[in-house]
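Here is the structure we will look at, set down as structure tokens.
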Amino acid sequence: MSCRSLAESTSSALSRTRSEMSSSRTAAASASVQGVSSARTANVVLGMPGTVDRPRGRCKSPHRRIGRVSQDAPNAPAAQPATALSGTAGEPLRYRPVPAHVDLPAMEREILDLWSERGTFAASLDTPADAPRWTFYEGPPTANGVPGTHHVEARVFKDVFPRFKTMQGYHVERKAGWDCHGLPVEIAVEKELGFNGKPDIEAYGIAEFNAKCRESVLRNVDVFEDMTERMGYWTDMAHPYRTMDASYVESVWWALSQIHGKGLLVEDYRVAPYCPRCGTTLSDHELAQGYETVVDPSVYVRFPLTSGPWEGTDLLVWTTTPWTLVSNTAVAVHPDVAYVVASNGADRVVVAEPLVATALGEDWKVVETVTGRDMERWTYRRPFDLVEIPDAHFVVLGDYVTTDDGTGLVHQSPAFGADDMAVCKAYGLPVVNPITTDGHFEADVDLVGGAFFKEADPTLVADLDARGLLFRKLDYEHSYPHCWRCHTPLMYFALPAWYIRTTARKDELLAQNEQTNWYPETIKHGRYGDWLENNIDWSLSRNRFWGTPLPIWRNDADPSKVVCVESLAHLSELTGTDQSGLDPHRPFIDDVTFTVEGEPGTYRRVPEVIDAWFDSGSMPFAQWGYPHVEGSKEKFERAYPAQYICEAIDQTRGWFYSLMAVGTLVFDESSYENVVCLGHILAEDGRKMSKHLGNILLPMPLMDEHGADALRWFMAASGSPWSARRIGHNALTEIVRKVLLTYWNTVAFHVLYARAADWSPAESTVPPPAERAVLDRWLLSKTQDLVREVTAALEDFDTQRAGAVLATFVDELSNWYVRRSRKRFWRGDAAALATLHEVLDVVTRLMAPLVPFVTERVWQDVIVPVTPDAASSVHLATWPEVDESLLVEGLAQRVSLARRVTELGRAARAEAKVRTRQPLRRALIGSAHYDNLGDALRAEVCEELNILELGSLADAGADLVEYSAKANFRQLGKRHGKQTPVVAQAIAAAHAADLATQLESGTATVTGDGGASWQVEADDVIITERPREGWSVVNEQGETVALDLAIDDELRRAGLAREAVRVIQEARKAAGLEITDRIVLTWAAEGETADALREHGASIADEVLAVSFEAGSGGDVRDEDLGLAVSLSKA
RNA sequence: GGGCCUAUAGCUCAGCUCGGUUAGAGCGCUUCCCUGAUAAGGAAGAGGUCGAUGGUUCAAGUCCAUCUAGGCCCA
């Protein structure tokens, strides 16, 4: 079946039909062909649409911009008032010019100005009073140091969904926040001041030090604000919450008083890494910086049992910290592990059964066995009698005991180990600590009195040896924590501390977690769920300076009496003086004391400040100053809990936990419903960005170079946001080229031709979608799918999927729809222009949350000027909805078949080395779906492949076609199971043509080597058709395209004519002509080329805008292959 | 030491839920084609022991187990 008659297709490729031209243009165009030679036919006496002023074409300079004079370029925002709208009264509604080339970062700065001039962000918050609310909480970044590229990541996600939800009609509050307190701030200030620990700070003065901390925070907030604005993160930075503000601190106090009231805020010993030289505990963060490899004594010590069935036998205990043996309090065993008496004939010791060989050696034999549980409370003789430890020294059970190393019997010294502390406390054992806070044994201890703890090891080991208690001693190399400041070995040390008994609310926390949606889902029962399952009490207090002071006042005469203060007003009440103006920080708060009538003693505040995580976990209510500030109650209640929060994965035990814990403890409900948990951003080399490695990419330079949209797209849609990702210039360049510029160029193309045709959607009569061209209907249908998919992806917090479908769509839009429809745009086809306008409207809105800048520019230039009631910003526009009436069943499949056929056709041409400009007579298509393709799509294929007619391979007759058959394993496997390979073999061996014929009418039978036979059905077999001699054939996935390679003189002349067009167009470009310039042209050629030029002269002239087209004597442009010389000049 | 994540082309990543016999895309490289919107587009090619081993299965990149390496969080 041919797609059009030969005569028609020969000329129509180069011509346009009269009916499609407006009369005025036809008149002008007729004049333009007056000089065309006599070869004209009815078909070519047609106008050029270019009689209207067409924007200038691009010249050689890549910086020349179409449609705007140079000072009007986008990097000169002043020249183009952002607020200007065309279409004021009396003027026609026309698109604003869109340059073909755009400087994206410059364009973005222009948009930032536009937003700020118009107050667009504020307008986006100005929703109707009854708008549904969608609540988002800003997890406050610590304003400590300058923002890194990883900060952009979370901030992109914090921006995309609020923009999306705003467009959907929700009211989305976006209050910025800053985490101001905490050790990192103190450390930064210490560095600035050249300090080396707490004594320096105390000497400097707490008031002065905290003032410096406040100053440092404010300084860094400025830098964060610049970055935030530049990346287009819309958040209300004019009214942020700051954890250091008095109202915030008071809210935190209130929450603590609630927790205290429930009996969940308690004081207890806490074992923490401690530097005896600096006299301070270290945070985990500091701890991690100070590991050093050291050699310690590894000793196996005998603890003789003094009761139980094995009385007289020695427990064998392993330790690498002999100094802790002085305060030995108990020995722990695992309740479920087997313990044995092992003997080498002469000696007997007790060890865990799995460790007999590793701890003792090969020649030890098991004599007796018990389970750890049975050893509970067996007493033993302790290794040293240097300090008093009453009611102790027996075997206890501990689940944390392992049999990975040592002996499976673990010496317990509760003052120096967190596990030890927990286990001993469960048995009511005393906590005895013979070491002072400077790391030395108390002076009156025998043997080691006054010794620095580490230096006591050799003395103690020697004493054990002398008393026959040392079983074995080795040197043990391991990494041991040291102070990162002074390299002193740290000790784990029990100090009093304040705790929140989160373990008492563990079940509620687990229940709240069940109600929470995690993205990705694995976190819920993995990293985060595990953490909750193994919940430990929240260690709240810090012996530091810059933090929310713990609001507990204690009676100095009776330390058991404490008051938890919930506000400055409460404090005023207690003191009888007005404290409402007090800065609730140290040291001022430390000076406030009070007495209670009838009680002796004075109440003084405890010295600690609290963990800054509690500050940030309190933000849902503290950001409003709840419950003290007027109006805070309403604000809080309508915005709790949040629908959405988002941070990187390092916050699982940080903010994600503190937020859920504070919410659950104070309000019995977690503060968030959906939580997106991002992977980290790594440097291009796959490692963490660090100064040390010199691989840092700062966000501002990245955005200055590639634009914020590119960086945002990368964060949202490049790779999986759940895994760690590498960022680099290449990735961003690719996004600019593939996504942003492709989109931009489609817009620029549309505006170029719409303006050329003086077309506007507001004023044109546009055919209804059902009457438009097949590709229009395809695109409109496809766009509805896009709306559905992007919406679903964003509802599911999946920006990666949203980005992927948008990128694919933009590619198809540009490289299939626009490419295939160029000629319709050239002649101002209203259906094509309307279709593209409608689609750009939708796709611009769909992309707006991801790339807010470029979409805003397009909205201002392409939608606003031609749409009288358009939203003034794309971000104030409504989110697109699926228009079911535009969906066309099956069209997407048909178009995709047409595209596959086109691709195969190109491959067949390439294989045969026949260039596309050479028309070919015929192509045959082998595809089960060929008949569904339809005439219109066949015509598209013909034109794209430069083929005159298209036919079905099946109709071409058996003698032209060779068949081959292979198994469709997926189907076959279901039916034949184990027989699959044998049946597949039989199919491959069968006579393919016969098989194909049989299958057309139902089932067929194939026979295997052994004579067995099987029924197969059509979908069990993939039949491939392949034509014989004289054809160029490519087939793939069951589809075949065969090109008839026979080229006759007529075809050859048509091909030469098309070559001539190319030569002339190149000459036009080389001459720097604008695309609308008319030319006078003479040519010289011989032989077949001359024949071709004479035959096709009119259509060539038409194509290259020649007002005269004369054979003459040579010219300045020559094409040797063609034997053609032309000269042209502007008419 | 524990938990989780990752491992596929020189590079960046899809595919793994739900197993199917030619493992994809982009970047880069080579050759060619197309082009008066495009910084583009297309075809072909070179480039893969799908981290390793074992198992399940007619069939494993895909499911299971173990291991290795890297990352993150926590000890």
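None of the values given here were measured: they were computed from a predicted structure. First the proteins, then the strands, lettered A, B, ... as listed; each starts at 1.
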Those residues at least two apart in sequence (or on a different chain) that pass side-chain hydrogen bond (donor to acceptor under 3.5 Å, both in side chains) with A:Tyr743 are A:Thr844
Nearest heavy-atom contact between A:Glu1103 and A:Gln1065 is O-NE2, 3.6 Å
Protein-nucleic acid N or O pairs under 3.5 Å, nucleotides 62-64 of chain B:
none

Of the listed B:A39, B:U35, B:C72, the closest approach to the A:Ile649 side chain comes from B:C72
Could you list all N or O pairs between the protein and nucleotides 29-33 of chain B that sit under 3.5 Å apart?
unit_1, atom_1, unit_2, atom_2, d
B:C33, O2', A:Thr916, OG1, 2.9

Can you see if the side chain of A:Lys738 gets near the phosphate of B:C27 - specifically, an N or O under 4.0 Å from OP1 or OP2? yes
Stems for RNA chain B (at least 3 consecutive Watson-Crick or G-U pairs, under 3.5 Å) come to B:1-7 with B:68-74, B:10-13 with B:24-27, B:29-33 with B:41-45, B:51-55 with B:63-67
Closest of B:A39, B:A37, B:G20 to the A:Arg970 side chain is B:G20
Checklist line | Step-by-step side-chain contact (heavy atoms from CB on, under 4.5 Å) determination, A:Phe656 to A:Val675 | finding: CA-CA 8 Å; A:Phe656 295 150; A:Val675 47; 3.3 Å; yes
Between the base of B:G36 and the side chain of A:Arg1068, is there a donor and acceptor pair under 3.5 angstrom? yes
Per the under-4.0 Å heavy-atom filter, residues of residues 808-815 of chain A near RNA chain B come out as A:Ser814, A:Asn815
>> Within the 4.0 Å heavy-atom criterion, would you say A:Val818 contacts the bases, only the backbone, or no part of the nucleic acid?
In response: base
With sequence neighbours left out, the residues meeting side-chain hydrogen bond (donor to acceptor under 3.5 Å, both in side chains) with A:Trp318 are A:Ser298
